[in-house]
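Predicted model only: the values in this text are computed from it and were never measured.
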Amino acid sequence: RSKLHALLKSCGDSKDVSLGMRLHAGIPQGVAAEDTFVGNLLVQMYGKCGDVANAQRVFDAMVMPNVFSWTMLVTVYAQNGDIEGAKHVFDVMPRRNIVAWNTMVAAYAHAGHLVEARIMFERMPSWDVVSWTAMLIANAVNGFLDQAREVFDSMPEKNLVTWTAMLSGYAHNGQVVDAKQVFDSMPERNLVTWNTMLQAFAEAGQIDQANAVFKATPAWNLSSWTCMLAAFAQAGLLEECRSVFDSMPERDLVTWTAVVQGHSDNGDVEGAKCLFDAMPGRDIVSWNAMLLAYAQLGHVELAAALFHAMPEWSSVSWVSMLEAFRQGGDLDRARCFFSTIYTGDVIVWTTMIATYTQMGSFHGAKATFDSMPGRQDD
RNA sequence: ACAUAACGGCGGGGA
C-alpha cells in the first residue's frame with residue numbers, strides 16, 4: 001500500500017493518467033471501494049491528472065468515504081476550475097472541517113471572486129494561517145494590494161507561504177519595489193520565494209536585476225530556468241535565452257513553449273518552428289504559441305494550416321487566427337472565420353470588433369457589439 | 001497512512 005501510495009502520487013505529480021489507470025486496473029476488484037485509503041489515493045491521482053469524471057467515479061463507488069475523501073473531492077473540482085462543482089460537493093458533505101472551508105476560499109480567490117471568497121471566509125467557524133493567506137490572495141489577484149497588505153499585517157500568524165504570497169501579489173501587480181522590500185524582510189526563504197522574486201524583476205523588465213537574483217539563487221528548478229530564459233527573450237536577448245535553454249539539465253512542456261515563444265517574440269519564425277517540431281509533446285498552450293507566432297509575423301497561410309492541424313482549439317486559438325487575418329487585411333476571411341466560432345469568450349468578440357473598427361467598418365463593429373451574448377455594460 | 005494556501009509558457013481592450 002505504501003508502494004501504491006508513492007506510485008499514484010508520482011502519477012499525479014507528473015499528470016501521467018495512463019500510468020495511473022494501469023495502476024488502478026491492477027488493484028483487485030472492490031479494493032478501491034472498500035479500502036477508503038486506497039480510494040482516496042485514486043481520487044487524488046485522477047484529480048491531479050485533470051480527470052474529474054474518474055475521480056468522481058471512484059468516489060461514488062466508495063463504501064465509507066471519510067472526511068479526507070470529501071475534502072479531496074472538493075479540491076479535485078476546485079483545482080480543475082469547476083467552482084460550482086466544488087461548491088456542490090462542499091454543500092452536500094456530511095461534516096465540513098477547516099480544510100474544506102479553506103479549499104473553497106482559495107478556489108474563489110484564484111478565480112478572482114473576491115466577494116464570494118469573503119462570504120465564505122466570514123461564515124467559517126474558525127480560521128488558521130491558510131484561511132488568512134487565501135484571503136490575502138483573493139485581494140491580491142484583484143489588484144487590491146493595499147487590502148492584501150492589510151490582511152497580511154493583521155494576520156495573527158504568518159508562515160513562509162504567507163510571505164511568499166504577499167511577495168507574489170506585488171510581483172504580479174508590477175510593484176517590484178514593494179516586492180523587493182518583502183523579499184528583504186522575510187524571515188526565511190525557499191526556492192519558490194527566490195523564483196517569485198526573479199519573476200517580479202522579469203515582469204518589470206529589469207533583466208539585470210532578474211539575472212542577479214537568478215545567480216544568487218541557491219539551487220534552481222524548472223521554474224527558475226524557464227522564468228530566466230523567458231526573461232532573456234522578453235529583453236531581446238535571444239542568445240542568452242538559448243544558452244539557458246541549452247544548458248538546462250531537464251526541460252518540460254512549459255520550458256519548450258517558452259523558448260518557442262522567445263524565438264517568435266524576437267522575430268525568428270524559423271527558429272520557433274524548428275523548436276516546435278522538436279518538442280517531445282505539445283499541449284493547447286504550445287500550439288497556440290506557435291499559431292500566434294505565425295499570426296503576428298504575418299504568415300497567414302502557415303497559420304491557417306497549423307490551425308487545421310491542431311488537435312483542439314481554445315479562445316486563444318480563435319483570437320490568433322483573427323489576428324492573422326487582421327494582419328493580412330483580410331476582413332472577409334476574418335468575418336467568415338468568426339461566424340464559425342460558437343464558444344468564443346469576450347476577448348474573441350472584442351478582437352472581432354477591433355478588426356472591423358480597424359478596417360473602417362463601423363457598421364460591422366456595431367452589429368457585432370450589439371449581438372454579443374452576455375455583454376456587461378459597466 | 002491520505003485532504004487546503006505561495007513560483008515558470010499562449011490572446012483583445014483598458015489603465
Side-chain angles (χ1 to χ4, degrees), chain A residues 1-2 5 8-9 36-45 47 66-76 78-79 97-107 109-110 128-138 140 143 159-169 171-172 190-200 202 221-231 233 252-262 264 283-293 295-296 314-323 326 345-355 357:
Chain A
R1 292 166 103 235
S2 63
H5 181 189
L8 287 171
K9 214 154 190 129
T36 303
F37 175 67
V38 172
N40 288 350
L41 295 178
L42 287 166
V43 169
Q44 180 163 237
M45 181 277 295
N66 60 14
V67 68
F68 290 85
S69 328
W70 283 99
T71 51
M72 248 177 238
L73 194 62
V74 174
T75 304
V76 166
Q79 290 185 346
N97 62 6
I98 193 166
V99 174
W101 284 96
N102 285 341
T103 305
M104 285 309 305
V105 175
H110 284 112
D128 63 11
V129 64
V130 176
S131 333
W132 292 102
T133 304
M135 272 318 292
L136 185 167
I137 292 164
N159 63 17
L160 177 56
V161 176
T162 315
W163 280 89
T164 308
M166 190 69 244
L167 171 62
S168 173
H172 292 298
N190 66 6
L191 183 49
V192 175
T193 316
W194 283 94
N195 288 343
T196 307
M197 193 62 238
L198 169 59
Q199 174 74 3
N221 65 6
L222 277 169
S223 291
S224 333
W225 288 303
T226 306
C227 182
M228 196 62 235
L229 76 81
D252 69 1
L253 193 49
V254 177
T255 316
W256 280 94
T257 308
V259 76
V260 166
Q261 205 212 334
S264 94
D283 67 0
I284 181 69
V285 175
S286 35
W287 280 98
N288 284 339
M290 192 61 231
L291 184 64
L292 187 70
Q296 286 180 334
S314 72
S315 281
V316 180
S317 329
W318 317 125
V319 170
S320 301
M321 277 315 294
L322 286 173
E323 172 76 5
R326 196 182 61 74
D345 62 12
V346 63
I347 300 182
V348 176
W349 285 79
T350 309
T351 304
M352 190 62 229
I353 293 169
T355 304
T357 308

What nucleotide, of [options], holds the atom closest to the side chain of [X]?
X	options	value
Val192(A)	G8(B), A6(B), C2(B)	A6(B)
Asn221(A)	C2(B), U4(B), C7(B)	C7(B)
Arg1(A)	C7(B), A1(B), U4(B)	A1(B)

**Request:** For Thr350(A), check side-chain hydrogen bond (donor to acceptor under 3.5 Å, both in side chains) against everything at least two apart and list the hits.
**Result:** none

**Prompt:** Okay, side chain of Ser168(A), backbone of Thr164(A): is any donor-acceptor separation there less than 3.5 Å?
**Reply:** no

**Request:** May I ask you to decide if Ala106(A)'s main-chain N or O and His110(A)'s side chain share a donor-acceptor pair within less than 3.5 Å?
**Result:** yes

Atom pair distance, as rounded to whole Å: [atom1] in [X] and [atom2] in [N]:
X	N	atom1	atom2	value
His5(A)	A3(B)	NE2	C1'	11 Å
Trp70(A)	U4(B)	CH2	P	18 Å
Phe68(A)	A3(B)	CZ	P	7 Å
His110(A)	U4(B)	NE2	C1'	11 Å
Ile137(A)	A6(B)	CD1	C1'	6 Å
Trp132(A)	A5(B)	CH2	P	19 Å
Leu42(A)	A1(B)	CG	P	20 Å
Met135(A)	A5(B)	CE	P	16 Å

N/O donor-acceptor pair, side chain [X] with base [N], under 3.5 angstrom:
X	N	value
Thr71(A)	A3(B)	yes
Asn66(A)	A3(B)	no
Asn97(A)	A3(B)	yes

**Asked** With Ser320(A), which residues qualify under side chain to side chain contact (heavy atoms under 4.5 Å, CB included), at least two apart?
**Response** Leu291(A), Leu292(A), Val316(A)

**Prompt:** Which letters describe nucleotides 9-15 of chain B, given B = protein heavy atom under 4.0 Å from base, S = only from sugar-phosphate, - = neither?
**Reply:** BBBB---

**Asked** Within less than 4.0 Å of OP1 or OP2 of A1(B), is there a side-chain N or O belonging to Lys9(A)?
**Response** no

**Asked** Just one of Asn40(A), Thr103(A), Asn97(A) clears the side chain to side chain contact (heavy atoms under 4.5 Å, CB included) bar with Thr71(A), so which one?
**Response** Asn97(A)

**Request:** Calculate, to the nearest 0.5 Å, the distance between atoms OG and CG belonging to Ser223(A) and Leu198(A) respectively.
**Result:** 10.0 Å

**Item:** Nearest-0.5 Å distance that lies between atom CD1 in Ile347(A) and atom CE in Met352(A)
**Value:** 16.0 Å

**Request:** Check every strand shown and say whether Asn190(A) touches a base, only sugar-phosphate, or nothing at a heavy-atom separation below 4.0 Å.
**Result:** base

